[in-house]
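Notes to accompany the following structure.
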Amino acid sequence: MRILTVCTGNVCRSPLAEAILRSRLSEFDIDISSAGIRALVGDGMTEQTVELALAHGVTDENASIHRARLLTEEVLQDVDLVLAMGREHRRYIVEMMPSRLRSTFTIRELARLAADVTDGELHAELEGETDPRQRLRLALAFIASLRHMSDPPADPADDDVLDPYGRSTRTYEISASQLVPAVDGIERIIRIALSPTGRRA
């Protein structure tokens with residue numbers, strides 16, 4: 001099972017999302033990775049991103065091992081969920097691989113849509129399916145089906161995570177304040193889908 005997070009340089013937003021998700025979902029057999037559409041290939045997370053990762057429960061080892069990589073078609077192969085940090089990244093991904101349309105969201109978009117789905121509704125949608133990977137795919141398909149029924153944000157930029165690269169520490173904090181609540185919402189959905197009983201751990 002594979003989850004991919006994507007931003008621009010792959011040194012701030014997407015590796016932070018990757019590291020927090022990996023830390024929180026460590027009991028599940030999920031390959032969580034990240035990439036950038038214009039990656040600073042080989043670079044680690046910025047110093048500010050490392051500090052934010054540590055503050056949100058990521059170990060120093062996991063924060064320090066990251067190295068940026070470029071998003072390619074090969075990276076997108078066989079991915080169950082792609083979490084883009086912004087609408088520009090989502091467009092880029094879908095243009096590169098149209099088959100990823102239904103499994104690609106901006107991270108804040110997916111959290112916004114998921115917030116309108118109760119645990120009970122999701123349990124009902126997944127009832128009878130025991131394969132974890134298929135349960136996740138069904139959950140995502142159900143949430144994606146709500147796109148045309150959900151009111152869009154008043155400001156489309158509310159589906160994006162602010163890019164802090166090269167900016168102030170305060171900008172990094174604002175970016176994280178947008179990212180982390182989205183991770184919270186997505187963690188809920190993944191736990192419901194992947195827990196053996198179908199219940200949140």
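The residues of the chain are indexed from 1 along the displayed sequence.
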Across all chains, not counting sequence neighbours, the side chain to side chain donor-acceptor pair (under 3.5 Å) partners of T49 are T46
Open item on the list: Taking F142's backbone N and O only, do any of them form a donor-acceptor pair with S145's side chain (distance below 3.5 Å, no angle check)?
Closed with: yes
Show me the donor-acceptor pairs within less than 3.5 Å that the side chains of residues 65-72 make with the rest of the protein, sequence neighbours left out.
residue, atom, partner, partner atom, Å
H66, NE2, N10, O, 2.7
R67, NH1, S64, O, 3.2
R69, NE, S34, O, 2.8
R69, NH2, S33, OG, 2.9
T72, OG1, E74, N, 3.4
T72, OG1, V75, N, 3.2

What I'd like to find out is whether the side chain of E47 reaches to under 4.5 Å of the side chain of E51, using heavy atoms alone.
yes
Item checked: Greater than 12 external heavy atoms within 6.0 Å of D29's CG -> no
### Task
Could you tell me whether the side chain of L83 reaches within less than 4.5 Å of the side chain of L4, counting heavy atoms only?
no
Exercise. Just checking, R112 and F105: is the charged tip under 6.0 Å from the six-membered ring centre and within 45° of the axis?
Worked result: no
Close side-chain approach of S175 to V161, heavy-atom, < 4.5 Å: yes
* Identify whether the distance between the nearest side-chain nitrogen and carboxylate oxygen of R191 and D119 falls below 4.0 Å. => no
inquiry  = For the OH atom on Y165, are there more than 12 heavy atoms of other groups (residues, nucleotides or ligands in this structure) within a distance under 6.0 Å?
reply    = no
**Request:** May I ask you to say whether E173 pairs ionically with R170, meaning some side-chain N is under 4.0 Å from a carboxylate O?
**Result:** yes
Are I30 and I190 packed together at the side-chain level, in the sense that at least one heavy-atom pair is separated by less than 4.5 angstrom?
yes
**Request:** Check whether any side-chain heavy atom of L136 sits under 4.5 Å from a side-chain heavy atom of M1, and report yes or no.
**Result:** yes
Any Lys/Arg nitrogen of D31 or R2 sitting under 4.0 Å from an Asp/Glu carboxylate oxygen of the other? yes
Is a side-chain donor or acceptor of D160 paired with a backbone partner of R87 at a separation under 3.5 angstrom? yes
For T118 and R188 the tightest heavy-atom approach is C-NH1, 4.0 Å
Any side-chain heavy-atom pair from L126 and L122 closer than 4.5 angstrom?
-> yes
**Asked** Between the main-chain N or O of V82 and the side-chain N or O of R100, is there a donor-acceptor pair closer than 3.5 Å?
**Response** no
Any luck finding a side-chain donor-acceptor pair between T8 and H89 under 3.5 Å? yes
Is the backbone N or O of S14 less than 3.5 Å from a side-chain atom of T5, with the two atoms forming a donor-acceptor pair by type?
-> yes
query = Does E18 reach the side chain of R22, with side-chain heavy atoms less than 4.5 Å apart?
reply = yes
Does some side-chain heavy atom of E129 sit less than 4.5 Å from a side-chain heavy atom of R137?
no
